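One structure below.
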Amino acid sequence: MATPDTAAPFTFAHQPHPSPMAADVRAEILANPGFGTAFSDHMVSVSYDEGKGWHSAEVVPYGPIPLDPAAAVLHYAQEIFEGLKAYRLADGGIALFRPEANAARFNASAERLAMPVLPEGLFVQAVEELVKADKDWFPTVEGGSLYLRPFMFASEAFLGVRPSKKYKFLVIASPAGNYFKSGAPAVSLWVSDYSRAAPGGTGAAKCGGNYAASLVPTAEAFSRGHDQVLFLDAVERKWIEELGGMNLFFVMADGSLVTPPLGGTILPGITRESLIKLAREEGLAVREERYSLAQWQADATSGALIETFACGTAAVVTPVGKVTSASDSFVIGSGGPGQITQKLRSRLVAIQRGEAADTHGWVHRIG
Ligand code: PLP
Ligand code: COI
């Protein structure tokens, strides 16, 4: 019987894949990985039982997981996840970007969803164990990385509505290239009439339910030819919140930046926080303050606003070129990537890939 793990380093059992993917098939995937469609040979699994805690940490072959049809997650969506990337560094090493920040946000999400917290060291070690096991899965394409998806779900077979007494924590890895398929230099946004999150809700948590609620508006955006959906606040329906899977920054003509504040209804993005620091280091003023759709349109039209960009782990830093709502449409700047957007993107990517000094301790080397 496995004993509960409470302190780092945790003990992981390793069960190597008996028939990992053939090297030529893998090489083909790694040359053109896209986003979220291919998965590496292994995954991490850790179990939780009330009264026992976290136990049975293991690295096992990637594959289907047994799940009772009554598992609470299938009925009441008690599930949270994270997204972070491992990079091949300029010197051939491997590093994660700010995994401790993902571990902390994972636990904030866990608390909001009435789930047990996971020792931060266990979260980080689980990700490290998987990256080490699947170190041959780094894309060869320019800008590629290994996207890690840690997640936790309620596995107890019980239909009463109360927090589950059993959970699984898993980590899977997916080689990643560009998040956006279009390959366009700047993305197009659709302003949704649907709300993503309301005050007092789960908007600040990274739970699957938030994304389920965003799928109809996202499908609407896609069917109208846009790349991402933009959500306004649920109360006044005028303040810009965030995109389906990214935070937003607005660049003013004076070089200052504005980004919506963290008020509990948007995800506290780790890329967002990192960019605020980098922009301030560049001497740019950054204001975390509310910005309305009407003001955005007026500023883009008058030239008071020159750039807008989306940011997130998957999207990195992506310029926004055009914004469309049910009643209006406007273009940002020239409709293509702006200079400040490109500069901040380059700064961030250079740190993530070990090409610039890591003065913040963000780069977590694992090999
Ligand atoms: N907002 C939403 C809704 C997201 O899904 C994400 C992606 O994780 C972000 C923002 C950006 O967060 P991060 O920079 O931590 O990836
Ligand atoms: C990420 O950037 O990690 C995300 O989770 C965004 C999206 C893929 C859901």
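Predicted model only: the values in this text are computed from it and were never measured. Whatever order the structure lists them in is the order used to number ligands and atoms, beginning at 1.
Of the options G203, G312, G245, the smallest heavy-atom separation from atom 6 (C) of ligand 1 is shown by G245. Of the candidates I266, N210, T313, N247, the one placing a heavy atom closest to atom 10 (C) of ligand 1 is N247. Closest to atom 2 (C) of ligand 1 by heavy atom, among E242, R98, R196, E241, is E242.
Using a 4.0 angstrom heavy-atom cutoff, S214 does not count as in contact with ligand 1. Proximity of R105 to ligand 1 is established by a heavy-atom distance of less than 4.0 Å. Taking 4.0 Å as the cut-off, E82 does not count as a neighbour of ligand 1 on heavy-atom distance.
At under 3.5 Å, not a single nitrogen or oxygen of R272, backbone or side chain, sits near a nitrogen or oxygen of ligand 1. For the pair I270 and ligand 1, the shortest N or O to N or O distance falls below 3.5 Å.
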- Check the pair S195, R237 against side-chain hydrogen bond (donor to acceptor under 3.5 Å, both in side chains), reporting the backbone distance first and the verdict last. CA-CA 8 Å; S195 298; R237 309 229 25 89; 3.0 Å; yes
- Task: In sequence, state the C-alpha distance, the side-chain angles, and the governing distance for I340 and F249, and then conclude on side chain to side chain contact (heavy atoms under 4.5 Å, CB included).
- Result: CA-CA 11 Å; I340 293 179; F249 279 82; over 6 Å; no
- Message: Using the rule given for side-chain hydrogen bond (donor to acceptor under 3.5 Å, both in side chains), can you reason through H42 versus E129, listing the C-alpha separation, both sets of side-chain angles and the distance that settles it, and then say yes or no?
- Response: CA-CA 10 Å; H42 297 91; E129 300 269 350; over 6 Å; no
- Could you go step by step and tell me if T341 and E307 meet the side-chain hydrogen bond (donor to acceptor under 3.5 Å, both in side chains) rule? CA-CA 7 Å; T341 301; E307 301 174 28; 2.7 Å; yes
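For the atom pair CZ of R345 and CG of L275, the computed distance is 10.5 Å after rounding to the nearest 0.5 Å. In this structure, OG1 in T308 is found 7.5 Å from CZ in F330, a value given to the nearest 0.5 Å.
Nearest protein heavy-atom contact of atom 5 (O) of ligand 2 is K206 NZ, 2.8 Å. Among all non-hydrogen protein atoms, the one lying nearest atom 7 (C) of ligand 2 is Y179 OH, 4.3 Å. Ranking the protein heavy atoms by distance from atom 2 (O) of ligand 2 puts A314 N, 2.8 Å first. The nearest protein atom to atom 12 (O) of ligand 1, hydrogens excluded, is given as G269 CA, 3.4 Å; this is a heavy-atom distance. Looking only at protein heavy atoms, the nearest one to atom 6 (C) of ligand 2 is G245 O, 3.6 Å. For atom 5 (O) of ligand 1, the nearest non-hydrogen atom of the protein is Y211 OH, 2.5 Å. Of the protein's non-hydrogen atoms, the one nearest atom 1 (C) of ligand 2 is Y147 OH, 3.4 Å.
Neither side chain, Y62 nor D134, offers a donor N or O lying under 3.5 Å from an acceptor on the other.
Here K206 has side-chain heavy atoms under 4.0 Å from ligand 1, and that is the only part of it that gets that close. Contacts with ligand 2 closer than 4.0 Å are made by side-chain heavy atoms of R149 only, the backbone lying farther away. At a 4.0 Å heavy-atom cut-off, ligand 1 does not touch K85 at all. By the criterion of a heavy-atom distance under 4.0 Å, neither the backbone nor the side chain of E82 is placed next to ligand 2.
Residue G244 has at least one heavy-atom neighbour below 4.0 Å for each of these atoms of ligand 1: 3 (C). Shown in contact with Y211 at under 4.0 Å from a heavy atom are these atoms of ligand 2, numbered in order with element: 9 (C).
For an aromatic pair to be called close, the ring centres must be under 6.0 Å apart, and Y147 with F35 satisfies this.
Few gaps surround NZ on K132; more than 12 heavy atoms of other groups in view lie less than 6.0 Å from it.
Contact annotation: the side chain of F309 approaches that of L344 to within less than 4.5 Å [non-hydrogen atoms, C-beta and beyond]. By the 4.5 Å heavy-atom criterion applied to side chains, L170 and F153 are counted as neighbours.
In terms of modelled atom types and a separation under 3.5 Å, the side chain of D227 and the main chain of S188 share a donor-acceptor contact.
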